[in-house]
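Since the structure comes first, as C-alpha cells, the remarks are kept for the end.
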Amino acid sequence: MFEMATEQHPISLPPYPQMIMAAIEASNDANGCNKTAIAKHIESTQSILPPSHSTLLNYHLNQMKQSGQIVMVKNNYMKPDPHAPPKRGRGRPPKPQGDSSHVAIPAPSVSPPRTRGRPPKANDSSSEAKSKVSPSVPGTPRGRPPKKAKKESEKVKEATSVSA
C-alpha cells in the first residue's frame, strides 16, 4: 500500500492562499471576483489539481475571510482596503488583559454570608427618640379600623329612604 502512494507523481502546487490572491489580483475588478471566477482562474493556471480542489478552495476562502486577508462583499471576494478601519466583532469588546498596576484593586472583604430574608430592624437611639417625641396610643391595633356599628336612628332613616 505504501508503494502505491509513491507511484503517483506528487502534485506540486503553490499554497492555496497564494493562488487565491493571484486570482483576485488578475481579475482587476473593483467589485472583486466570486468563487467560480477564482476557481476558473486557478484551473486555467494550474494544469494538475487535486480531486478535492473545490473543498480545499472553499476551506481556504473561509480561512482567509476569517483572518481578514480577504473581504467578502455581495458574494465577491476582494482585498481589504488598507485605509478602512478594522472591523469589530459583534457584542461587547473584552476587557483589556494588560498590566493592572495603575488600577488599585480593593482586597475582598471577609464577611459572614448574609442570612435569608429581610434584615431585622435596627434598634438605634434615633428611632427611640422619635417614638418618645410622638408617642402612639398604646394598644392601638395596626391596619384599617373596623366599621362602626349603626345606631337605631340611622337604621330607621335608611329604611324610610329605601322604601320611598
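All residue numbers in this chain count up from 1 along the given sequence.
Other residues sharing the hydrophobic cluster of Met78, ordered by chain and number and joined by side-chain separations under 4.5 Å: Val71, Val73.
Put simply, the side chain of Asn76 does not reach to within 4.5 Å of the side chain of Cys33, judged on heavy atoms. Side-chain contact between Glu25 and Lys79 is present, with heavy atoms from C-beta onward closer than 4.5 Å. Side-chain contact check for His41 versus Met19: every heavy-atom pair is 4.5 Å or farther apart.
To the nearest 0.5 angstrom, Ser52 atom OG is 11.0 Å from Asn58 atom CG. For the atom pair CG of Leu61 and OH of Tyr77, the computed distance is 4.5 Å after rounding to the nearest 0.5 Å. Note that NZ of Lys65 is 8.0 Å distant from CD1 of Ile70, once rounded to the nearest 0.5 Å. Rounded to the nearest 0.5 angstrom, Met21 CE and Ile38 CD1 are separated by 10.0 Å. Considering CD1 of Ile20 and CG of Leu57, their distance stands at 5.0 Å, rounded to 0.5 Å. Interatomic distance, NE2 of His60 versus OG of Ser67, reported as 11.5 Å (0.5 Å rounding).
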- Item | Step-by-step side chain to side chain donor-acceptor pair (under 3.5 Å) determination, Ser27 to Asp29 | CA-CA 5 Å; Ser27 70; Asp29 191 5; 5.9 Å; no
- Task: Run the numbers on Glu43 and His53 for side chain to side chain contact (heavy atoms under 4.5 Å, CB included), then give the verdict.
- Result: CA-CA 9 Å; Glu43 289 167 3; His53 166 68; 4.0 Å; yes
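With a 6.0 Å radius and a threshold of 12 heavy atoms from other residues, nucleotides or ligands, Asp81 has its CG atom above the threshold.
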